[in-house]
Amino acid sequence: MSQPGTAPSRFSSIRWRIAVPYILLAALVMAGLAVYLSARVREFYLTDLQGQLAGEARVVGEALLTALAEGETGASLDQLARRYADLTEARVTLVGLDGTVLGESHEDRLQMDNHLYRVEIQDALAGGEGASTRFSRTLGYDLMYVAVPVPDVGQPAAVMRLAVPLTRIQAAIARLRTTMLAATLLATVLAGLLALWIAERAVRPVRALTAVVQRVADGDLGARMIPTTSDELGVLTNAFNRMSAQLRDKVHTLSSEQSRLSGVLEHMADGVVITDHDGLVRLLNPAAARLLDTNSEAALGRSFAQVARHHRIIEVWQACRERRQEQAVPVEIGRRGDFWQVVATPLARDEDQSCLVILQDLTQVRRLETVRRDFISNISHELRTPLASLKALVETLRDGALDEPPAARRFLEQMDGEVDALTQTVQELLELSRIESGQAPLRLGPVSVAGLVREVAQRLLPQAERAGLQLAMDIPESMAPVLADAERVEQALTNLLHNAIKFTPSGGHVTLLAREQGNEAILSVRDTGIGIAAEDLPRIFERFYKADRARSTGGTGLGLSIAKHIVQAHGGRIWAESILGQGSTFSFSLPLSTAPSR
Ligand code: ADP
């Protein structure tokens with residue numbers, strides 16, 4: 001009995017409820033028997049004594065009557081009475097038919113009043129024998145009086161009365177009562193012990209079952225009891241075992257369902273909030289906490305309006321509560337152009353206003369949509385320009401230029417240039433889509449950073465010199481190798497260096513840098529060129545994006561995009577820092593080949 005309050009108090013347990021009636025029954029029966037028996041014994045004693053006294057009275061009466069007939073005087077009758085009194089151990093009184101006392105053993109006869117109307121005398125005269133038991137005020141205790149007419153046969157001449165005190169009988173009855181009381185007590189105690197033993201045996205399996213039930217209640221759903229009997233308790237035990245097996249299965253199913261559900265909620269990208277009838281937040285998944293910039297402890301139990309803190313979201317939720325209908329509304333959040341879809345669904349029917357609110361962050365999707373639109377318009381533009389100039393050159397040739405060989409050659413060279421530009425665009429596009437789709441697997445291996453940078457610098461040095469730029473390298477000699485596909489990383493670095501040379505006016509500086517940082521190598525290309533405006537900076541890695549809106553500089557706008565994909569395929573990051581008019585630094589990270597994790 002582990003829980004306070006569930007244990008029955010000592011005397012309210014089943015054991016006592018079974019035993020107490022038995023004990024009471026035994027006590028009552030024994031007490032009744034004692035009362036009945038002592039009454040019967042007393043009656044028996046009195047009847048016996050009365051019979052004995054009547055017999056003795058007849059004998060003594062005959063003797064005293066004979067003496068009276070022989071003319072004996074009162075005093076000698078008293079004398080005789082005293083003798084018989086000694087013999088019979090009783091008080092002897094001879095009463096005449098008129099009630100006068102003729103002879104008396106114990107009292108002064110002359111002082112005694114008329115005895116004619118004593119109950120026993122009247123009964124003796126009327127029916128041959130009279131008896132009476134009463135308290136003698138003269139002696140101070142109970143006496144039994146028995147009177148008979150004498151002589152026994154024929155007309156009576158007097159009445160003989162014997163009297164004995166009842167103290168002996170009363171003492172015997174008292175002894176009997178004491179014995180009966182002791183027997184009653186003993187029988188009650190024995191009956192009680194027997195009843196307790198029987199009750200204990202009956203209660204033991206109930207107690208065992210209770211202990212098992214208690215374990216189940218405390219959460220041990222595997223607790224079982226082996227039925228030992230085939231009676232009602234056996235049936236109860238079997239039923240209990242079945243019930244707890246079912247309970248365990250149900251709890252198991254429920255908890256695995258719940259953990260599945262909470263797993264789904266936990267890892268969902270969409271935010272989920274459940275509010276109750278009063279509009280208080282009852283559930284909030286991590287995504288919702290992140291989107292609403294709060295946490296479970298702060299949000300649970302607070303009103304949705306306090307937690308959501310955005311009037312449009314609160315309006316959608318309110319509308320769902322009031323109309324009891326699903327609401328799905330796109331909402332623009334904050335100044336950064338974040339874009340959410342808010343879906344509020346009523347959770348229960350009727351009057352209950354519980355609601356399920358789902359917050360979907362569509363910012364990224366929307367951004368990608370914009371990028372895709374820009375991409376299509378850019379690629380059309382990119383292809384249309386060389387195609388239009390090709391068309392113009394072909395028409396010029398056909399309209400007569402073909403007949404002027406020097407002009408025709410110049411036009412053909414221009415056409416060759418346009419076709420090269422088109423081919424490069426298409427090749428870069430193909431390259432990009434190959435990297436993006438993962439069709440070009442990386443051939444990873446330890447690559448020396450200094451070696452790689454030197455290679456790229458050497459290749460582009462003539463170009464830099466032509467543009468009148470100083471090309472420098474700042475790389476620690478002891479740098480650990482990176483784990484990379486050398487050819488691809490060279491391509492990425494070439495793209496960056498190419499841009500730096502292209503966007504830096506003559507007389508500027510371009511520096512290639514490398515350093516270790518944690519378990520990564522950071523490679524950078526720094527220039528003192530035209531720089532990039534802050535609003536363009538976040539978008540320059542997009543395909544076809546050009547900070548130069550007029551697109552007057554050559555190039556496809558794909559170089560940075562290709563570099564970004566190469567770096568990301570290596571598990572690295574790429575970023576740009578720039579101040580317009582002062583220069584730019586493009587950097588990317590690569591994992592070191594000794595890095596423990598890759
Ligand atoms: P492009 O073929 O036009 O060079 P990129 O993807 O390599 O294409 O570059 C995208 C745009 O980023 C360029 O058009 C230019 O506006 C800007 N840009 C890239 N590198 C630099 C740099 N070092 N200095 C200034 N602007 C740059």
Side-chain angles (χ1 to χ4, degrees), residues 370-372 374-386 417-418 420-436 453 456-457 459-460 463-464 466-473 488-513 522-569 573-588:
T370 317
V371 170
R372 196 181 60 87
D374 287 0
F375 173 73
I376 291 175
S377 83
N378 287 341
I379 197 171
S380 336
H381 178 86
E382 227 36 72
L383 295 175
R384 202 167 345 117
T385 314
E418 293 296 350
D420 280 353
L422 262 179
T423 312
Q424 196 195 343
T425 305
V426 172
Q427 244 164 13
E428 284 185 354
L429 265 178
L430 276 176
E431 176 73 13
L432 193 60
S433 81
R434 260 184 0 146
I435 299 170
E436 272 184 336
V453 173
V456 173
R459 204 183 306 147
L460 292 190
Q463 205 175 325
R466 258 203 314 279
L469 300 174
Q470 295 267 334
L471 188 59
M473 268 172 57
R488 295 205 177 278
V489 175
E490 268 173 29
Q491 189 185 350
L493 195 60
T494 306
N495 289 0
L496 296 185
L497 185 56
H498 196 261
N499 279 346
I501 294 168
K502 193 161 61 176
F503 294 106
T504 306
S506 172
H509 295 267
V510 175
T511 317
L512 290 155
L513 305 110
I522 311 287
L523 282 74
S524 307
V525 180
R526 190 164 67 203
D527 65 53
T528 55
I530 60 167
I532 304 162
E535 69 263 28
D536 291 319
L537 210 49
R539 296 196 63 186
I540 50 169
F541 290 100
E542 290 170 15
R543 283 172 295 196
F544 292 115
Y545 195 84
K546 289 184 179 180
D548 167 23
R549 297 276 142 66
R551 294 176 174 271
S552 55
T553 50
T556 55
L558 289 169
L560 286 181
S561 187
I562 290 171
K564 181 181 86 173
H565 280 98
I566 290 173
V567 169
Q568 285 178 346
R573 295 161 288 123
I574 187 164
W575 66 97
E577 295 145 293
S578 183
I579 298 173
L580 197 61
Q582 292 190 13
S584 321
T585 305
F586 282 80
S587 309
F588 62 92

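Residue indices begin at 1 and follow the sequence shown. In what follows, every heavy atom counts, from backbone to side chain, and hydrogens, waters and symmetry copies are set aside. Bear in mind that the values here come from a model prediction, so they are computed numbers and not experimental data. Note that ligands are numbered from 1 as they come in the structure, with each ligand's atoms numbered from 1 the same way.
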Using the side-chain contact (heavy atoms from CB on, under 4.5 Å) rule, pick out the option among Ile532, Leu493, Asn499, Leu497 that qualifies with Phe586.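 Passing option: Ile532.
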Looking at [Y], is its backbone amide N or carbonyl O close enough to the side chain of [X] to form a donor-acceptor pair, meaning the two atoms are under 3.5 Å apart?
X      : Y      : result
Asp527 : Ser584 : yes
Ser578 : Gly583 : yes
Thr528 : Gly508 : no
Thr504 : Ile501 : no

Quick one: does Leu560 get an N or O within less than 3.5 Å of an N or O on ligand 1?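 Leu560 vs ligand 1: N/O contact under 3.5 Å present.
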Is Asp527 close to ligand 1, meaning an N/O of one under 3.5 Å from an N/O of the other?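 Between Asp527 and ligand 1, an N or O pair is found under 3.5 Å apart.
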Which is it for Lys502 and ligand 1 at heavy atoms under 4.0 Å: side chain, backbone, both or neither?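 Answer for Lys502: side chain.
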Could you tell me whether Phe541 approaches ligand 1 through its side chain, its backbone, both or neither, with non-hydrogen atoms closer than 4.0 Å?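 Contact part for Phe541 vs ligand 1: neither.
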Check for me whether Leu558 has a heavy atom closer than 4.0 Å to any atom of ligand 1.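 Within the 4.0 Å threshold, so yes.
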If we only consider heavy atoms of Gly531, is any one of them less than 4.0 Å away from an atom in ligand 1?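 Yes, Gly531 has heavy atoms under 4.0 Å from ligand 1.
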Could you tell me, atom by atom, which parts of ligand 1 come under 4.0 Å of a heavy atom of [X]?
X      : value
Ala500 : 23 (N)
Gly559 : 5 (P), 6 (O), 7 (O), 8 (O)
Phe586 : 19 (C), 20 (N), 21 (C), 22 (C), 23 (N)

So for atom CZ, which belongs to Arg488, do other residues, nucleotides or ligands contribute more than 12 heavy atoms lying within a distance under 6.0 Å?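 Count over threshold, so yes.
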Heavy atoms of other groups near Gln568 CD, more than 12 under 6.0 Å: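 Atom CD in Gln568 is crowded, with more than 12 foreign heavy atoms closer than 6.0 Å.
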